[in-house]
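What follows is a single structure, written as structure tokens, with notes after it.
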Amino acid sequence: MTAEADEQDSPPGNSCALTRPYGPFTVVEVCGEIDMATADLVVEHLDAATAVAEPDVLVDLRSVEFLDCSGLRVLCRAERRARERGGRLRIVSDGPRVDRLLRASGLFGRFPPLRALPARAGRPQ
């Protein structure tokens, strides 16, 4: 999929999420408070990002101020969809809050956070 096609297929940005191409990746930038009231705003972006064959999705949580179990549910669902299509979904987080939540929920092994976006040129292992 080309960057132009990626941009055309992405939902418009909203108060909680924005999707953009980044080299070989699709980045879903998430911000603000992700809870039961706002999780669906993130779902529409993650569904679009994981709808293609072999998606390589980076969910950037560095601007998230609050994330509850609704947000974790959305991440788990999107990661499963990506795997089912032969791809992957990873999170980017540089804050201890997300680390603590992932550890407390038992999801740290499933979502070991990247601390920054990887280089655009290659596909890291």
Side-chain angles (χ1 to χ4, degrees):
M1 179 176 290
T2 66
E4 293 81 22
D6 220 12
E7 287 178 5
Q8 291 171 351
D9 294 340
S10 299
N14 59 47
S15 62
C16 293
L18 173 69
T19 300
R20 65 183 174 86
Y22 181 79
F25 310 105
T26 299
V27 174
V28 178
E29 295 178 24
V30 183
C31 64
E33 297 185 3
I34 309 304
D35 56 21
M36 190 168 55
T38 60
D40 285 344
L41 296 172
V42 178
V43 166
E44 67 180 324
H45 284 266
L46 293 177
D47 279 357
T50 59
V52 300
E54 299 181 13
D56 200 350
V57 180
L58 300 171
V59 183
D60 190 346
L61 300 177
R62 293 178 292 178
S63 296
V64 169
E65 298 163 9
F66 176 80
L67 181 71
D68 72 1
C69 60
S70 300
L72 292 178
R73 178 184 47 79
V74 165
L75 290 172
C76 288
R77 178 179 175 271
E79 190 271 339
R80 179 184 46 80
R81 284 173 46 95
R83 268 189 297 110
E84 288 173 352
R85 290 166 175 78
R88 63 184 172 176
L89 179 141
R90 294 172 293 161
I91 65 168
V92 179
S93 173
D94 57 5
R97 267 182 291 167
V98 172
D99 285 3
R100 280 193 304 269
L101 181 60
L102 291 171
R103 286 184 198 285
S105 64
L107 293 172
F108 195 85
R110 185 171 179 182
F111 296 107
L114 301 172
R115 298 303 176 198
L117 292 176
R120 290 179 188 226
R123 286 177 74 115
Q125 298 301 315

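In this structure, NE2 in H45 is found 13.0 Å from CZ in R20, a value given to the nearest 0.5 Å. The structure places CG of L117 at 4.5 Å from CZ of R62, a figure rounded to the nearest 0.5 Å. To the nearest 0.5 Å, atoms SG (C16) and CD (E33) are separated by 9.0 Å. To the nearest 0.5 angstrom, R83 atom CZ is 15.0 Å from E54 atom CD.
Residue I34 is grouped with residue F111 when hydrophobic side chains (ILVMFWY) are merged at heavy-atom distances under 4.5 angstrom, including chains of intermediate members. Under a hydrophobic clustering in which Ile, Leu, Val, Met, Phe, Trp and Tyr are joined whenever their side-chain heavy atoms come within less than 4.5 Å, directly or via other members, Y22 and V30 fall into different clusters. A continuous path of ILVMFWY side-chain contacts below 4.5 Å connects V74 to L72, so both sit in one hydrophobic cluster. L41 and L75 fall into different hydrophobic clusters, defined by Ile, Leu, Val, Met, Phe, Trp and Tyr side-chain heavy atoms under 4.5 Å apart, directly or through other members. Tracing side-chain contacts under 4.5 Å through hydrophobic residues (I, L, V, M, F, W, Y), one reaches V64 starting from L107; they form part of the same cluster.
In this structure, R110 and R80 have side chains that are in contact, with non-hydrogen atoms separated by less than 4.5 Å. T38 has its side chain out of reach of S15: every pair of non-hydrogen atoms, C-beta onward, lies at least 4.5 Å apart. When side chains are defined from C-beta on, T26 does not count as touching P55, because their heavy atoms never get closer than 4.5 Å. Residues L46 and L89 form a side-chain contact, since some pair of their non-hydrogen atoms from C-beta on lies under 4.5 Å apart. Side-chain atoms of V59 and V42, non-hydrogen and from C-beta on, never get closer than 4.5 Å to each other. Looking at D47 and R77, their side chains come closer than 4.5 Å, going by heavy atoms from C-beta outward. You'll find the side chain of D56 reaches within 4.5 Å of the side chain of R90, heavy atoms only.
Nearest heavy atom pair, residue A49 against residue V57, reads O-CG2, 3.6 Å.
For R85, the CZ atom counts as densely surrounded, since its 6.0 Å shell holds more than 12 non-hydrogen atoms of other residues, nucleotides or ligands.
When each of V28, I91, L114 is paired with L58, the side chain to side chain contact (heavy atoms under 4.5 Å, CB included) condition holds for L114 and for no other. Each of V92, D94, L102 was scored for a side chain to side chain contact (heavy atoms under 4.5 Å, CB included) with P113, with one residue passing: L102.
For D40 (side chain) and V43 (main-chain N/O), no donor-acceptor pair under 3.5 Å exists by modelled atom type. Within the 3.5 Å criterion, the main-chain N or O of S93 finds a donor-acceptor partner in the side chain of R115.
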